[in-house]
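Notes follow once the structure below has been shown.
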Amino acid sequence: MRLKDFFIPTQREIPSEAEVISHNLMLRAGFIMQVAAGIYNYLPAGLKIIRNVENIVRQCMNEAGAIELLMPSVIPSELWKESGRWSKYGKELLRIKDRHNREFCFGPTHEEVITDIVRKYIKSYKQLPINLYQIQTKFRDEIRPRFGLMRCREFIMKDAYSFDIDEEQCKLSYKKMFDAYCKIFDRMGLVYKVVEADTGAIGGNVSHEFMVIADTGEDTIIYCEACGYAANLEKAAVKYIEISEQKDREMPLEKVITPQMKTVKDVAVYLNVDESKVVKTLILKCGEKFYALLIRGDYELNLIKLKNTITGEMPEFATADEIKKITSGPMGFSGPIGLKIPIYADYSIKGLINFVTGANEKDGHFKNVNLGRDFEVCGFYDLRNAVEGDICINCGAAYKSAKGIEVGHIFMLGTKYSESMGAYFRDANGSLKPFIMGCYGIGIGRIVAASIEQNHDEKGIIWPIQISPFEVIIIPVNTNDPYVIEYSNRLYNSLKKLDIRVLIDDREERAGVKFNDADLVGYPIRVNIGKKSLENNELEVIIRKSNIMTKVNVEDAADTINTVICELKK
RNA sequence: CGGGAUGUAGCGCAGUUUGGUAGCGCACAGGUUUCGGGAACCUGGGGCCGGGGGUUCAAGUCCCCCCAUCCCGACCA
């Protein structure tokens, strides 16, 4: 491609809306352009990158035996009502109406549609297993889109769905996808971790997330270097450690005045105790039922764990009015003593003595509160977020934590959709069985963003060659020198003959402009063809990543570059 | 959804305090000189100052309403 005939609108100015580096660089390199909050144009070079990522994904999926199809982005509400998700899926689901006032949604995921296909055509165990996938534009009406392609509302996703005769076969399908995902992210050159995850709104029981490690990531992952355990924050288990404080040192209960001291921090500072000696009492609501949760002041409640161990449904925090009604005290002063609703406690409370809690009245707290003596709880559970330094549930070493970008997520779904939507097949005995399903997503745009987060320097992007919009850029340095132009064109044609994805910067720009643009856009290999070096019958090959420049004889140039490309692809 | 901020040329911004008919840099067009890390000079084009309503002789500037975008929060108990 000749740059004059192509379109890469690089910007010199730093876009004011871009907070994270990948967003900033994608805007400046002319890959994307914002149309609305969380909705972007993919400009030509950006599209090339997207396509490269898609093709790697596609190739690995095909190798793993998955079959590509394409489902619509607009889906009638009927299918979603069958699965029950029309009402359960929250505001993220963009619901729209056609001219006849019929309800549709813009698909955020396609379990319903794929199940509809399979239940219609797959009738026998002989047709199984099958894994169908698509690469499609999805829409999720995120509360807060941000960080460019990292969290947008409209985004491109690869989603695959497997159908099996039983759990065991499903595990095999799941494993195949697991391995395919590893291969995909390896080929992209990404540094990632696979973590255990909660299944959330999609449903099911087993789930893994593929996390690209990056400080700008929105997710927290907890991992153990000793045994390899890794999970996201929602899932990471906290091991119960016995605290052996001496029961006989219990002191008499004491009420203290704590004017305006609403937060754990306020109270701890005011009473001159450590935050870990303040126990917070959280009032949660789940349907019509209320619960009180006790957590040590320096820890955070994990709603997902609460849902999975106690409430079953996703709980919400009670409002100020509800708290007033239930505890008879204002928000900020709740405590377990005298509460009439079920009280559950995190393990962190067990064994604690002489702690501080709210007194369920304005400006009042209790000191020297003790479990058993002053109140009782229904039980102790793991209800808090793990933190760095916690003891690994597997091996006893200390957890570490890191920020990650979720680029892939795989689930074993079981029969959630097949049963609700009546998708059954005949097994070998002739009896009707629901399909055992799995689903497997990869965020294409997110991979692009994540790749930039991991591969850039102060000048711009450093593409892994597999993803780069072009493999080589040729820069004729002196555009007024006929030899420079001639040799540039000659090399360009030779590289094209070798099927190398080559771009020649034939613009009438000064060398510095071209160099800076090349560094910004991030081509892995740059070839400078200038008057000076041509006098020695040489040109310069520069590797973007290492910034190493090699002088190469013009006659050998094409072959040398081809060799370099092969090296970089390894 | 709550809080904060910002909307002025394609991009980045000043001008708003104290109302008086819109400016800078980059980009763009023409010209001269330059030409291996974002050139210099000259000339030029480009704005319903986010939208609507009001106050005023006069509004980018003051008041009201709306819209959009960005940031923070949504774990305060």
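Order of the sequence lines fixes the chain letters, A, B, ..., with proteins taken first and strands second; residue numbering starts at 1 for each chain. Predicted model, so just to flag it, every value in this text is computed and none were measured.
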What orientation do A/His23 and A/Tyr40 show, parallel under 30°, tilted 30 to 60°, or perpendicular over 60°?
-> perpendicular

Residue whose closest nucleotide on RNA chain B lies nearer the 5' end, A/Phe333 versus A/Arg507 | A/Arg507

Could you check which nucleotide pairs with B/U6 in any of the strands shown, counting Watson-Crick or G-U wobble with both distances under 3.5 Å?
-> B/A68

Are A/Thr263 and A/Asp266 linked by a side-chain donor-acceptor pair shorter than 3.5 Å?
-> yes

Nearest to the side chain of A/Thr281, which nucleotide is it out of B/G36, B/A77, B/C26?
-> B/A77

A/Val264 side chain: which of B/A77, B/G36, B/C71 is closest?
-> B/A77

With no hydrogens and no angle check, is any side-chain donor or acceptor of A/Arg140 less than 3.5 Å from a backbone partner on A/Pro108?
-> yes

Which nucleotide in B/A77, B/C70, B/C75 has an atom nearest any side-chain atom of A/Ala37 | B/C70

Mind checking the C1' distance from B/U61 to B/G20? Whole angstroms is fine.
-> 11 Å

With the side chain defined as heavy atoms from C-beta on, A/Arg510 is closest, among B/C71, B/G38, B/U34, to B/U34

Provide the distance between the two C1' atoms, one in B/A59 and one in B/G53, to the nearest whole Å.
-> 13 Å

Watson-Crick or G-U wobble mate for B/A39, both contacts under 3.5 Å | B/U33

To the nearest angstrom, the NZ-C1' distance between A/Lys531 and B/C35 comes to 9 Å

Do A/Phe366 and A/Phe375 pass the ring pair (Phe, Tyr, Trp, His ring centres under 6.0 Å) test, and can you show the C-alpha distance, the side-chain angles, and the key distance before you say yes or no?
-> CA-CA 12 Å; A/Phe366 283 119; A/Phe375 69 98; over 10 Å; no

Under 3.5 Å, is there a donor-acceptor pair linking the side chains of A/Asp298 and A/Ser276?
-> no

Is A/Phe317 touching bases, backbone alone, or none of the nucleic acid, heavy atoms closer than 4.0 Å?
-> base

From CZ of A/Arg146 across to C1' of B/A74 the rounded distance in Å is 11 Å

Do you know which of A/Phe380, A/Tyr240, A/Tyr299, A/Tyr381 makes ring pair (Phe, Tyr, Trp, His ring centres under 6.0 Å) with A/Tyr347?
-> A/Tyr240

Over how many whole Å does the gap from A/Ile8 atom CD1 to B/A27 atom P extend?
-> 19 Å

Between P of B/C26 and CZ of A/Arg28, the distance in whole Å | 18 Å

Closest to the side chain of A/Ala511, out of B/A77, B/G36, B/A27, is B/G36

To the nearest Å, give me how far apart CD (A/Glu509) and P (B/U34) are.
-> 18 Å

Watson-Crick/G-U partner (both atom distances under 3.5 Å) of B/U17 = none

Any strand is fair game: report the nucleotide pairing with B/C11 by Watson-Crick or G-U wobble, both distances under 3.5 Å, or none.
-> B/G25

Test side-chain hydrogen bond (donor to acceptor under 3.5 Å, both in side chains) applied to A/Gln11 - qualifying residues, sequence neighbours left out = none

What one-letter contact string describes nucleotides 2-10 of chain B from 5' to 3', where B marks a base within less than 4.0 Å of any protein heavy atom, S marks contact via sugar-phosphate atoms alone, and - marks no contact?
-> ---------

Around A/Asp5, counting heavy atoms of other residues, nucleotides and ligands shown, do more than 12 lie under 6.0 Å from its CG?
-> yes

Pairing partner of B/G73 (Watson-Crick or G-U wobble, both distances under 3.5 Å) | B/C1

Which whole number of Å gives the distance between the C1' atom of B/G25 and that of B/G19?
-> 28 Å

Aromatic rings A/Phe31 and A/Trp463: how do their planes relate, parallel, tilted or perpendicular, breaks at 30° and 60°?
-> tilted

Give A/Gly530 one of three labels, base, sugar-phosphate or nothing, depending on what nucleic acid heavy atoms sit under 4.0 Å from its own.
-> base

Selected nucleotide, minimal atom distance to A/Thr263 side chain, candidates B/C71, B/C76, B/G38 = B/C76

Looking for any heavy atom pair under 4.0 Å, which part of the strands does A/Leu282 touch: base, sugar-phosphate only, or nothing?
-> base

Base, sugar-phosphate, or nothing: which does A/Glu540 touch, judged by heavy atoms less than 4.0 Å apart?
-> base

For A/Gln34, report the nucleic acid contact type (base, sugar-phosphate, nothing); a contact means any heavy atom under 4.0 Å.
-> sugar-phosphate

Atom OH of A/Tyr344 and atom P of B/A77 are separated, to the nearest Å, by 22 Å

Would you classify A/Ser533 as touching base, sugar-phosphate or nothing, given that sugar-phosphate means primed atoms plus P, OP1 and OP2, and contacts are heavy atoms under 4.0 Å?
-> base

Atom C1', compared across B/C70 and B/G50: separation rounded to whole Å = 15 Å

Can you tell me, in whole Å, how much space there is between the C1' of B/G52 and that of B/G7?
-> 16 Å

Expressed in whole Å, how much space separates the P atoms belonging to B/A14 and B/A5?
-> 16 Å

Starting from the 5' end of RNA chain B, give me the residue, A/Val35 or A/Ile529, whose nearest nucleotide shows up first.
-> A/Ile529

Atom-pair distance (CD1 on A/Ile283; C1' on B/C75), nearest Å = 14 Å

Using the C1' atom on both, measure B/A74 against B/C63 and round to a whole Å.
-> 33 Å

Side-chain atoms of A/Met331 come closest, of B/C71, B/G38, B/C76, to B/C76

C1' spacing across the pair B/A9 / B/C24, given as an integer number of angstrom | 12 Å

Worked verdict on A/Lys305 versus A/Asp382 for salt bridge (charged side-chain N to carboxylate O under 4.0 Å, His left out) = CA-CA 7 Å; A/Lys305 288 182 179 177; A/Asp382 171 17; 3.1 Å; yes

What is the distance, rounded to the nearest whole Å, between atom CD1 of A/Ile304 and atom P of B/C75?
-> 12 Å

A/Asn478 side chain, from C-beta outward: closest of B/G38, B/A77, B/C35 | B/C35

Counting only distance, no hydrogens or angles, is the base of B/G37 paired donor-acceptor with the side chain of A/Arg526 under 3.5 Å?
-> yes

For the pair A/Tyr344 and A/Tyr291, name the ring-plane relationship: parallel under 30°, tilted 30 to 60°, perpendicular over 60°.
-> tilted

A/Ile143, nearest nucleotide to its side chain (from B/A77, B/A74, B/G37) = B/A74

Both distances under 3.5 Å, Watson-Crick or G-U wobble: report the partner of B/U56, or none.
-> none

